[in-house]
Amino acid sequence: MEGIKNWEKLTWQEKREERFKRWLNPENIKFKHDEAETLYKTRVTRFIKAIRMEVPDRVPVMLPTGNYPAYWGGASFHTLMYDYEKGRQIWIKYMEAFGGHGHV
């Protein structure tokens with residue numbers, strides 16, 4: 001992993017912990033407001049605890065939506081992946097319709 005000395009010598013557990021640190025403190029990300037950052041870190045912590053087989057504050061759920069958001073939004077998966085502005089619009093529309101609670 002970029003920026004970590006001797007990455008190849010780390011155990012899988014050490015590599016996982018390094019990834020968790022990056023998830024919790026992403027580089028080059030500016031949150032719109034403190035509440036957005038707090039919500040992000042709460043959700044990431046929830047997933048990390050579940051991965052570590054610890055008890056999270058709630059059970060995290062990820063729906064395997066696949067290509068559905070693209071087609072539902074009237075585009076192809078290719079458009080969703082490579083037209084960033086169109087992809088952003090599709091994801092906002094999808095999250096608003098299916099439970100994004102407006103935190104985009």
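Side-chain atoms are counted along with the backbone in the values below, which use heavy atoms only and exclude waters and symmetry mates.
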Could you give the side-chain donor-acceptor pairs of residues 61-74 under 3.5 Å, partners two or more places apart or in another chain?
none

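- Residues I90 and Y84 are members of separate hydrophobic clusters, defined by side-chain heavy-atom contacts under 4.5 angstrom among Ile, Leu, Val, Met, Phe, Trp and Tyr.
- In this structure, NZ on K21 lies 11.0 Å from CD1 on I48, to the nearest 0.5 angstrom.
- Other residues, nucleotides and ligands place no more than 12 heavy atoms under 6.0 Å from the CG atom of D34.
- Clustering ILVMFWY residues whenever any of their side-chain heavy atoms sit less than 4.5 angstrom apart, transitively, puts M95 in a cluster other than the one holding F31.
- Looking only at atom types and distance, the side chain of E85 has a donor-acceptor partner in the side chain of Q89 under 3.5 Å away.
- L39 and V44 are assigned to two separate hydrophobic clusters, defined by single-linkage of ILVMFWY side chains at heavy-atom distances under 4.5 Å.
- Donor-acceptor pairing under 3.5 Å is recorded for the side chains of S76 and T79.
- Rounding to the nearest 0.5 Å gives a distance of 9.0 Å between CH2 of W12 and CD of E17.
- Between atom CD1 of residue I4 and atom NZ of residue K15 there is a gap of 10.5 Å, rounded to the nearest 0.5 Å.
- Minimum interatomic distance between L10 and E18 (heavy atoms only, all atoms of both residues): CD1-CG, 4.4 Å.
- To the nearest 0.5 Å, atoms OG1 (T45) and CZ (R52) are separated by 8.5 Å.
- Here CZ of F98 is found 10.0 Å from NZ of K93. Values are rounded to the nearest 0.5 Å.
- Residue T38 holds its OG1 atom at 11.0 Å from CZ of R43, rounded to the nearest 0.5 Å.
- For the pair L24 and K41, the tightest heavy-atom approach, listed with the atom from each and the gap, is O-CE, 3.1 Å.
- Remark: E27 engages no residue in a side chain to side chain donor-acceptor pair (under 3.5 Å) (not counting sequence neighbours).
- Remark: F47 engages no residue in a ring-ring contact (aromatic ring centres under 6.0 Å, His included) (not counting sequence neighbours).
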